[in-house]
Amino acid sequence: MSVDSSVSKEVKPESVLLCPLGTTAAPEQKLLCIFGTGDLGRSLGQRLLQCGYRVVYGSRRPNSCGPLPRGTKAMNHEAAAMSAALVFVCVHRENYDFMEALAPQLNGKVLVDVSNNLKKNLYPESNAEYLQRLIPGAHVVKAFNTLSAWSLQNGPSDANRQVYLCGNSVQAKQAVEEMATKLGFAALDRGSLSAAGELEDFPLQLFPEWRLPLRVAVGLTAFFFFYLLMRDVVYKYVEQGKDTSFRIMVSLANKVFPIVSLIMLALCYLPGVIAGFLQLYRGTKYRRFPDWLDRWMLCRKQIGLIALGFAFLHVLYTLVIPIRYYVRFRIAENTISQIRENRTSVFDTTTAWRADSYYSMGILGFGLYVLLGISSLPSVSNALSWREFSFIQSKLGYLTVFFCTFHTYLYGWDRFLHPNTYKWFTPPGYLLSLVVPSVLIVLKLLLLLPCVDRSLTRIRQGWERTDPEDGSEKALLT
């Protein structure tokens with residue numbers, strides 16, 4: 001349900017006991033009540049104490065409820081409910097029944113429901129709506145249910161600052177919002193209590209923003225694994241009768257990981273280039289992108305982090321190559337063969353240059369890769385200005401694509417010219433991995449042309465090709 005429609009259903013009560021608007025707060029610390037002495041309740045109480053509140057706990061067993069934060073006290077539910085104007089309900093829905101008997105004590109007070117369910121659609125109504133039905137005289141606000149006990153105890157991190165809240169009482173929500181702000185969180189009002197079901201579904205979502213990137217990564221990994229399995233293992237067994245299945249664990253994996261990493265890195269920057277050409281074609285920045293492009297651009301961070309993960313795997317697998325039995329055996333066999341035949345290998349300067357350049361490009365590319373990943377962390381990005389963040393993610397990002405692509409070109413060198421490279425008439429995997437990043441680099445170079453870049457910059461600054469007043473056409477490439 002949208003916020004606009006839900007806000008229209010809000011009811012403004014005549015008064016709320018917690019911090020009425022237009023009055024001056026008392027200089028003494030405010031007393032808050034927490035029903036529940038579990039992990040979340042204790043962490044919430046500790047955080048409230050650190051921010052200057054007084055806390056009292058309501059428990060079924062106030063004398064044996066376990067360790068509580070220093071400075072708090074526990075009492076029975078009735079006494080605790082009468083002592084404070086705002087009550088946090090940190091108990092499961094199954095245990096709400098005891099509060100029905102406390103309706104006289106809770107009447108007119110703010111109840112902050114922080115509960116969640118184990119799965120979606122478990123009940124016909126949300127927990128907050130059920131609590132409001134049990135105690136109709138209270139002002140129920142759904143809030144803090146998207147935060148963990150760890151984040152409450154340790155304070156808001158950059159990735160977990162938002163507190164979603166909803167309720168039918170505007171003043172009650174304002175009181176909870178002020179308290180959340182004092183705790184260091186950013187409150188976001190989602191409207192009336194009818195939105196509580198949506199808030200309770202938030203913690204049940206499993207990587208919603210990662211689903212598309214993970215599906216793409218799994219699909220690419222599966223495709224290239226079986227593609228290279230056919231070329232490197234099945235081909236040799238069928239055509240030459242050699243069993244090289246042992247190469248699956250390291251050699252084959254170390255081909256799949258860099259291929260997927262490079263393609264995913266290119267897919268991270270490709271939608272930005274497509275968006276640039278689309279804006280040039282339309283001559284305006286005020287038209288929405290297609291849904292598929294919009295969704296693609298929203299998951300670029302996840303795509304980039306997955307690409308970085310595959311790059312890390314490639315580095316780790318590469319580091320173990322010298323200690324592999326197969327490699328040590330081949331080196332020893334080659335050395336003994338040269339001794340027996342009394343021959344030496346001639347040093348090839350071209351090969352040395354290519355190998356060193358290949359490793360150098362890989363190291364530089366991976367270093368920039370790591371820098372991109374670090375700068376995407378909220379704790380780091382929040383310390384950067386927009387220009388600094390844009391420089392790292394955009395300028396250095398495309399430089400990373402170039403280094404990694406050049407690294408792959410140096411790996412292949414002139415192998416594509418040899419007919420024996422195309423086993424069963426199929427191109428090697430590294431050639432396929434170069435398609436997307438090569439296209440990306442070419443398209444980006446086109447956007448960097450002075451005439452194109454100047455026009456795109458004007459469009460992104462608000463210029464439109466068609467004058468809305470007279471409808472005359474303006475030249476785009478000027």
Side-chain angles (χ1 to χ4, degrees), residues 212-213 216-217 220 258-285 287-290 292-308 310-311 357-358 360-373 375-376 381 384 386-412 430-461 463 465 476-478:
L212 178 60
V216 174
L220 289 173
I259 289 174
V260 177
S261 177
L262 181 58
I263 295 178
M264 294 289 288
L265 178 63
L267 291 177
C268 179
Y269 287 92
L270 186 58
V273 174
I274 296 176
F277 277 100
L278 195 58
Q279 289 175 334
L280 283 172
Y281 174 76
R282 292 174 171 177
T284 180
K285 71 170 185 178
R287 291 180 58 184
R288 281 181 56 89
F289 294 128
W292 59 269
L293 181 58
D294 189 50
R295 186 182 178 190
W296 188 357
M297 295 184 70
L298 289 176
C299 64
R300 286 181 293 178
K301 178 179 178 179
Q302 289 76 16
I303 294 176
L305 291 176
I306 293 175
L308 177 59
F310 277 100
S357 301
Y358 162 72
S360 178
M361 291 297 103
I363 294 172
L364 291 174
F366 182 70
L368 291 175
Y369 231 138
V370 175
L371 179 61
L372 294 176
S375 64
S376 68
S381 60
L384 300 173
W386 170 248
R387 185 176 183 182
E388 293 168 341
F389 181 78
S390 177
F391 173 79
I392 294 175
Q393 293 294 327
S394 180
K395 303 295 190 301
L396 296 186
Y398 284 107
L399 187 61
T400 305
V401 175
F402 171 77
F403 279 147
C404 293
T405 304
F406 193 33
H407 171 70
T408 308
Y409 272 109
L410 290 173
Y411 167 80
Y430 81 89
L431 271 183
L432 296 180
S433 71
L434 288 170
V435 174
V436 179
S438 299
V439 170
L440 171 64
I441 293 175
V442 171
L443 294 178
K444 183 60 179 178
L445 290 175
L446 291 177
L447 290 180
L448 291 178
L449 293 175
C451 57
V452 180
D453 180 66
R454 185 165 55 249
S455 299
L456 184 59
T457 301
R458 291 178 61 195
I459 290 174
R460 289 176 174 174
Q461 290 176 346
W463 179 83
R465 181 187 303 144
L476 180 61
L477 301 180
T478 58

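Heavy-atom neighbours of Phe403 CZ from other residues, nucleotides or ligands within 6.0 Å: above the threshold of 12.
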- Message: Under the criterion side-chain contact (heavy atoms from CB on, under 4.5 Å), I'd like the reasoning laid out for Tyr281 against Arg465: C-alpha separation, chi angles, the key distance, then a yes or no.
- Response: CA-CA 10 Å; Tyr281 174 76; Arg465 181 187 303 144; 5.6 Å; no
- Query: Hey, mind stepping through Leu372 and Gln393 against side-chain contact (heavy atoms from CB on, under 4.5 Å) and telling me if it holds?
  - Reply: CA-CA 6 Å; Leu372 294 176; Gln393 293 294 327; 4.2 Å; yes
- Using the side-chain contact (heavy atoms from CB on, under 4.5 Å) rule, take Phe406 and Leu364 through it: C-alpha gap first, then chi angles, then the decisive distance, then the call. CA-CA 11 Å; Phe406 193 33; Leu364 291 174; over 6 Å; no
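If you check the side chains of Ser261 and Tyr369, you find a donor sitting under 3.5 Å from an acceptor.
Rounding to the nearest 0.5 Å gives a distance of 11.0 Å between CG of Leu270 and CG of Leu265. Of the inter-residue distances, the one linking Met264 atom CE with Leu305 atom CG reads 10.0 Å to the nearest 0.5 angstrom. His407 contributes atom NE2, which lies 4.0 Å from atom OH of Tyr358 (distance to the nearest 0.5 angstrom). To the nearest 0.5 Å, atoms CZ (Arg460) and CG (Leu280) are separated by 8.0 Å. Taken to the nearest 0.5 Å, the CE atom of Met361 stands 7.5 Å off from the CG atom of Leu410. Note that CD1 of Ile259 is 10.5 Å distant from OH of Tyr430, once rounded to the nearest 0.5 Å.
Phe289 and Ala275 make their closest contact through CZ-CB, 3.6 Å (heavy atoms, listed as atom of the first residue, atom of the second, distance). The shortest non-hydrogen separation linking Gln279 to Lys285 is NE2-CB, 3.9 Å. The minimum heavy-atom distance between Leu262 and Cys404, with the atom names listed, is CD1-CB, 3.8 Å. Annotation for Ile263 and Leu220: closest pair CG2-CD1, 3.8 Å, computed over non-hydrogen atoms. Contact detail for Ser376 and Ser381: the closest heavy-atom pair is O-OG, 4.5 Å. Between Ser375 and Phe389, the shortest heavy-atom contact is O-CE1, 3.5 Å.
Side-chain N or O atoms of Ser394 include none that pairs as donor or acceptor with a backbone N or O of Phe391 at under 3.5 Å. Between the side chain of Thr405 and the backbone N or O of Val401, at least one donor-acceptor pair lies under 3.5 Å. Remark: the backbone N or O of Met297 is paired with a side-chain donor or acceptor of Arg300 at under 3.5 angstrom.
Using a 4.5 Å cut-off on side-chain heavy atoms (C-beta onward), Leu384 and Ile392 make contact. By the 4.5 Å heavy-atom criterion applied to side chains, Trp296 and Leu267 are counted as neighbours. Side-chain atoms of Asp294 and Pro290, non-hydrogen and from C-beta on, never get closer than 4.5 Å to each other.
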Review item, side-chain donor-acceptor pairs of residues 438-453, under 3.5 Å, at least two apart:
{"residue": "Ser438", "atom": "OG", "partner": "Tyr409", "partner atom": "OH", "Å": "2.8"}
{"residue": "Ser438", "atom": "OG", "partner": "Leu434", "partner atom": "O", "Å": "2.5"}

